[in-house]
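Report on the structure given below.
Here is how names work: the chains are called A, B, and so on, in the same order as the sequence lines, proteins then strands, and each is numbered from 1.
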Amino acid sequence: MASITKSYEPRDVEKKWYAAWLEAGAFAGRVNPSREPYCIVIPPPNVTGVLTMGHVLNNTLQDILIRRARLEGKEALWIPGTDHAGIATQTVVERELRKEKKSRRDLGREKFLERVWSWREEKGGIILEQLRRLGASCDWNRTQFTMDPAYSRAVLGVFVDLYRKGHIYRGKRMVNWCPVSLTALSDEEVIMKPVKGLLYQVRYEVVGAPGTFIEVKTTRPETIPGDVAIAVHPEDPRYAGLVGRKVRRPLGPAAEIPIVADAAVDREFGSGALKITPAHDKVDFEIGLRHKLPVVDVLEADGTLNALAGPGLAGLDRFAGRKKAAELLKEGGALVKEEPYENNVGFSERADVPIEPRLTWQWWLRYPRVAEAVEAVREGHIRFHPERWSKVYLHWMENIQDWCISRQLWWGHRIPVWYREGLDREKLTEADVADPNKVHVSLDGPADPAGWVQEDDVLDTWASSWLWPFATLGWPDETRMKEAGYPYFYPTSTLVTGPDIIFFWVARMIMAGLEYTNPDESLAKRVPFRDVYFTGIIRDAQGRKMSKSLGNSPDPLDLIEKYGADGLRFGIVSIAPQGQDIRFQEDRIEGGKNFCNKLWNACRFRQMSGPMADNSSLPAILSRLEPPKFDADDHAILDRLFATTRAVDQAMAGFEFSAAVQALYGFFWNDFCDWYVEVSKARLQSPELRGNCLAIQDLVLRQTLLLLHPFTPFITEELWQLLGYGVAGKFLMRDVRLSDSSVLARTSSDHGIRLNGEAAAEVERLKGTVSQLRALKAAHGEAAKKDSVFVVDGADRQWGLVEDNLAKLKRMLGAAAITRGPLPPSAPACVTAHGSWALVREAKGDPAAERARLTKELETLAKHIAGTEARLANKAFTDKAPPAVIDGAKKQLADLHAKKAETERLLGGLA
RNA sequence: GGACCCUUAGCUCAGUUGGUUAGAGCGCUUCCUUGACAUGGAAGAGGUCACUGGUUCGAGUCCAGUAGGGUCCACCA
């Protein structure tokens with residue numbers, strides 16, 4: 001067997017095992033009715049994406065779940081893939097074109113799409129490659145892309161189906177228009193941001209009443225040429241006499257526009273009068289509808305002002321137009337005043353520019369299965385973790401609005417609608433659309449394509465990814481579904497994602513999942529996943545979101561180079577508490593690496609401590625244990641091992657990843673390395689005791705590697721093989737079953753192992769004594785001395801325990817001798833659970849310092865005694881507190897008194 | 001305007017149903033290269049648990065309110 005090197009070098013180990021796992025097809029998930037299925041679909045990253053810390057966290061957690069499920073004996077399947085990400089990808093390729101001084105229109109639709117596809121061929125696999133570096137155990141043979149032919153058919157098929165069911169319609173409505181991307185956006189793609197600007201107070205002269213004005217306040221004077229009315233509240237006495245009269249529009253082509261009364265107007269704001277520009281504001285549009293007002297659109301699609309804005313403004317960009325409009329108003333005497341103002345403006349998520357409300361024809365979806373989707377979460381068929389996100393979901397579902405699913409882009413699923421050539425699409429009526437001779441909707445298009453023109457728009461990206469949990473399992477093609485194992489793997493098990501896409505993705509997948517399963521089945525069988533785990537958002541050390549523009553996002557691949565994939569995984573999980581945002585700190589990743597090194601060296605120590613024996617299975621190791629030779633430390637470490645297994649079981653069941661990692665860290669580092677391994681060193685010298693002690697180490701290491709493997713897959717696989725836990729040609733990751741706490745306990749019991757429940761407490765007391773005496777040494781400048789001499793004055797019982805553990809104590813204390821006897825006068829001493837101990841020193845001690853130390857100790861004791869006595873003297877406490885608590889307090893008081901008396905005796909001896 | 005979250009050691013955070021003297025990692029101080037590991041070991045300093053009230057024998061934990069920070073929804077021009 002290869003010997004273990006002095007420090008862990010992740011690079012080659014990671015490469016070696018990932019290749020071996022791939023080679024063996026160890027990530028494949030197959031239909032296996034003898035096992036419980038466990039399936040995760042990856043949140044498909046954008047093809048344009050490169051790995052971010054968010055991906056690292058998200059995918060590490062998925063890999064942990066998948067690997068743990070495998071170790072638990074489930075048939076685990078993790079389906080990978082990428083999302084075509086309509087706007088994002090198209091923007092990236094257009095930016096590339098711009099460098100060549102070309103636009104997509106120069107190329108034309110077909111050539112442009114070729115270009116995007118070739119870009120995707122070249123760069124689209126990068127992020128998946130990066131996930132492999134992280135150790136992601138996806139079934140790569142199932143990798144899918146939302147624009148794969150089969151996936152696309154699923155997407156378009158759903159459009160046709162929902163259209164036929166009446167869920168999809170074509171409508172001319174106010175949409176969120178992005179003047180840079182030149183497309184409509186859904187409400188979810190608009191981000192409200194406070195913007196500092198100006199509030200302009202403008203006066204409109206009442207027709208037929210020279211010198212009488214109505215004043216309004218607006219942030220957008222450039223839209224005044226689009227004004228078609230002034231609205232006031234119907235019960236506003238200030239304007240009661242003016243409703244029905246007209247005012248002159250102070251900007252743009254001359255016009256007289258009416259004053260109307262509408263309850264939507266807020267009397268409290270400004271003067272209580274509102275200018276109505278139906279083409280450029282949602283509320284105005286609705287008021288316009290109610291009062292049958294015309295729509296005057298003064299903006300082009302790209303946000304420049306058009307001819308209707310009038311000379312002086314036409315041709316200007318909307319922001320330049322705003323300034324110019326203010327100037328023109330001022331010149332005309334209509335600008336009363338301007339004041340600094342901050343208001344919320346909707347921004348395009350992708351292009352980061354203010355959106356324009358714009359009246360356009362779009363395709364809309366009335367969501368299906370809304371009530372069921374609410375019920376699925378409310379009734380717990382889908383569980384959110386942390387649970388509080390379900391409120392956010394339910395609130396959105398209860399106020400759900402129709403979804404604008406068409407995008408004026410080229411990259412995406414082109415909507416499967418064909419119009420009869422020559423039809424004016426701006427003027428199509430509902431009846432026209434319903435007429436198959438005029439508008440054709442089908443998956444394969446009209447039988448005779450001549451004379452038909454396909455819809456230009458494509459579908460919103462999310463209108464493809466909402467099918468992800470079942471379209472990746474071959475839906476809707478029966479044959480492919482069978483091959484992919486749809487009946488076995490659907491519903492999938494857990495979805496791991498960020499709460500920022502609850503609306504975009506999670507909610508929509510739930511509705512799609514319910515729509516495309518048999519409505520006769522129970523909700524539990526139709527939901528797309530059973531649990532949803534929401535990660536926190538990774539922020540930098542200052543708490544800012546990580547972003548490219550801030551440059552505050554470390555490159556995960558650099559971190560892998562520096563700390564190893566396992567170190568990165570362990571570190572990121574350890575700082576990711578459930579549902580809270582995460583402050584990224586590189587030193588935690590370093591901590592992950594250090595932990596790996598600790599694990600590595602503990603195994604190295606095991607290898608150096610004695611010959612390896614049969615480690616090939618849990619029973620094999622258990623048979624090597626010799627319970628009659630167990631000492632308290634053996635009992636205690638096994639007790640802690642079982643408890644840690646239990647803690648990890650529980651944490652994993654509750655998606656408490658960082659709790660699991662912390663339990664493992666504490667157990668392995670403190671209980672095992674710092675104590676058990678150290679006290680073992682004395683026993684390993686004894687041929688009599690060595691075998692049992694090594695077997696216990698093997699048991700602990702084996703179980704630790706198993707529990708740790710989901711978090712740190714590479715190093716655990718390597719050590720597993722190095723220590724001979726595995727059979728040749730088999731993998732820890734695939735061919736081994738993790739014994740959970742109950743299996744571990746039962747199997748141990750079958751091998752005659754009965755743990756002494758008192759041992760753990762005894763070891764804790766021993767640790768306490770060791771710690772006290774080390775402190776005593778350190779206080780007297782002997783911390784590093786290895787041949788200190790101690791004298792113990794204690795009861796027979798106490799001395800008995802010291803004798804039982806003499807070799808250990810000498811090693812742990814750095815003592816050459818520990819003898820029983822009266823304490824030498826003036827020697828530094830302290831009171832422990834194992835009697836009073838004195839440190840024997842050549843040099844004269846400082847009695848004054850000793851006195852001070854012991855006096856301080858007495859003060860602390862007195863304080864605790866007083867507190868405990870007060871509690872016990874309180875009748876209300878003794879009457880009402882549970883007996884166990886009262887007994888505990890009494891016992892504590894007795895201990896404190898004994899310690900106080902002994903300390904006083906030591907103090908007296910100093911004089 | 002509505003909803004949710006956070007405030008515990010210098011920093012980042014645990015603290016599950018209320019119960020001894022509130023923990024971890026990092027950082028800091030002192031000592032130690034001893035045969036697994038200096039990516040390490042030992043010892044130590046450091047906290048009126050944001051504030052105010054309440055419930056209780058007992059509150060970091062439960063309730064109400066206040067202050068500060070954050071997130072998400074919402075058509076106030």
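- Using a 4.0 Å heavy-atom criterion, one finds that Tyr563(A) contacts no nucleic acid atom at all.
- Here Tyr393(A) does not reach the OP1 or OP2 of C72(B): none of its side-chain N or O atoms lies under 4.0 Å away.
- Distance, Leu893(A) CG to U21(B) C1': 14 Å, rounded to whole Å.
- Between Trp396(A) and A3(B) there is no side-chain polar atom (N or O) within less than 4.0 angstrom of OP1 or OP2.
- Here Pro499(A) lies out of heavy-atom contact (under 4.0 Å) with every strand.
- The aromatic ring centres of Phe655(A) and His385(A) sit less than 6.0 Å apart.
- Using a 4.0 Å heavy-atom cutoff across all strands shown, Asp266(A) reaches at least one base atom of the nucleic acid.
- Rounded to whole Å, the distance from CG on Asp500(A) to C1' on G70(B) is 15 Å.
- Within 4.0 Å of Lys863(A), counting heavy atoms only, lies no atom of the nucleic acid at all.
- What separates OH of Tyr665(A) from C1' of G23(B) is a distance of 14 Å, to the nearest Å.
- Between C72(B) and U12(B), the two C1' atoms lie 25 Å apart (nearest whole Å).
- Taking the P atoms as reference points, U33(B) lies 15 Å from A42(B), given to the whole Å.
- Using modelled atom types, one finds no donor on one side chain facing an acceptor on the other under 3.5 Å when comparing Tyr8(A) with Asn601(A).
- Across the interface with RNA chain B, nearest-nucleotide mapping of Ser771(A) and Asn594(A) shows Asn594(A) to be the residue nearer the 5′ end.
- Residue-level contact check: Arg539(A) touches the backbone only, with heavy atoms under 4.0 Å from sugar-phosphate atoms and none from bases.
- At a cut-off of 3.5 Å, with distance as the only test, a side-chain donor of Glu387(A) or Ser390(A) sits close to an acceptor on the other residue.
- Using N1 to N3 plus N6-O4 or O6-N4 for Watson-Crick, or N1-O2 and O6-N3 for G-U wobble, each under 3.5 Å, G23(B) pairs with C13(B).
- When both distances must be under 3.5 Å, the Watson-Crick or G-U wobble mate of C51(B) is G65(B).
- For U61(B) and C6(B), the P atoms lie 13 Å apart once the distance is rounded to whole Å.
- Taking the C1' atoms as reference points, U34(B) lies 10 Å from G41(B), given to the whole Å.
- Of all nucleotides listed (A77(B), A36(B), C57(B)), C57(B) comes nearest to the side chain of Asn874(A).
- The aromatic rings of Phe672(A) and Tyr676(A) sit parallel, their planes meeting at an angle under 30°, below the 60° perpendicular limit.
- Atom-to-atom, CG of Leu719(A) to C1' of A36(B) comes out at 12 Å; the value is rounded to the nearest Å.
- Distance, Glu268(A) CD to A77(B) P: 15 Å, rounded to whole Å.
- For the C1' atom pair drawn from G27(B) and C63(B), the interatomic distance equals 38 Å after rounding to whole Å.
- Of the C1' atoms belonging to C4(B) and A77(B), the separation is 29 Å, rounded to the nearest Å.
- Checking the phosphate oxygens (OP1, OP2) of U12(B), a side-chain nitrogen or oxygen of Arg583(A) falls inside 4.0 Å.
- The shortest distance between the side-chain N/O atoms of Lys6(A) and the OP1/OP2 oxygens of C37(B) is below 4.0 Å.
- Ser7(A) comes within 4.0 angstrom of a nucleotide base, judged by non-hydrogen atoms across all strands.
- Ala775(A) comes within 4.0 angstrom of sugar-phosphate atoms only, judged by non-hydrogen atoms across all strands, and of no base.
- Judged by Watson-Crick or G-U wobble contacts below 3.5 Å, the nucleotide G58(B) has no partner.
- Base contact: Glu678(A) has a heavy atom under 4.0 Å from a base atom.
- Residue Asp581(A) is the one, among Gly591(A) and Asp581(A), whose nearest nucleotide of RNA chain B lies closer to the 5' end (criterion: closest heavy atom).
- Between Tyr665(A) and Phe570(A), the ring planes are tilted. Angles from 30° to 60° get that label.
- In this entry A36(B) has no Watson-Crick or G-U wobble partner, no candidate having both defining distances under 3.5 Å.
- For G2(B), neither phosphate oxygen OP1 nor OP2 lies less than 4.0 angstrom from any side-chain nitrogen or oxygen of Lys391(A).
- A close approach under 4.0 Å does occur between a side-chain nitrogen or oxygen of Lys681(A) and OP1 or OP2 of A36(B).
- Base-pair partner of A77(B): not found among the strands shown (Watson-Crick or G-U wobble, both distances under 3.5 Å).
- Using a 4.0 Å heavy-atom cutoff across all strands shown, Cys596(A) reaches no nucleic acid atom at all.
- Side-chain to base pairing of Lys598(A) with C37(B): one donor and one acceptor N or O lie within less than 3.5 Å of each other.
- Here C76(B) is the nucleotide among A36(B), U12(B), C76(B) with the atom lying nearest to any side-chain atom of Phe269(A).
- The main-chain N or O of His864(A) is found under 3.5 Å from a side-chain atom of Thr868(A) such that the two form a donor-acceptor pair.
- Across the protein-nucleic acid pair, Arg774(A) atom CZ and A42(B) atom C1' stand 6 Å apart, rounded to whole Å.
- Across every strand in view, G44(B) sits in a pair with C28(B) that passes the Watson-Crick or G-U test at under 3.5 angstrom.
- At a threshold of 4.0 angstrom between heavy atoms, the contacts of Gln892(A) include nucleobase atoms, whether or not backbone atoms are also involved.
- Donor-acceptor pairing under 3.5 Å is lacking for the side chains of Thr769(A) and Lys767(A).
- Pairing for C4(B) goes to G70(B), judged as Watson-Crick or G-U wobble with the two contacts each under 3.5 Å.
- Nearest nucleotide to the side chain of Leu274(A), out of G41(B), C32(B), A77(B): A77(B).
- For Lys777(A) and A42(B), the NZ to C1' distance is 10 Å, given to the nearest whole Å.
- Within the 4.0 angstrom heavy-atom criterion, base atoms lie near Lys880(A).
- Under the 3.5 Å distance criterion, with hydrogens and angles disregarded, a donor-acceptor pair is assigned to the side chains of Asp262(A) and His291(A).
- Cation-pi contact between Lys681(A) and Phe605(A): present, with separation from the ring centre below 6.0 Å and deviation from the ring axis of at most 45°.
- Val677(A) comes within 4.0 angstrom of a base, heavy atoms only.
- Counting non-hydrogen atoms under 4.0 angstrom, Arg588(A) reaches a base of the nucleic acid.
- Heavy atoms of His864(A) sit under 4.0 angstrom from at least one base atom.
- In this structure, Asp587(A) atom CG and C13(B) atom P are separated by 12 Å, rounded to whole Å.
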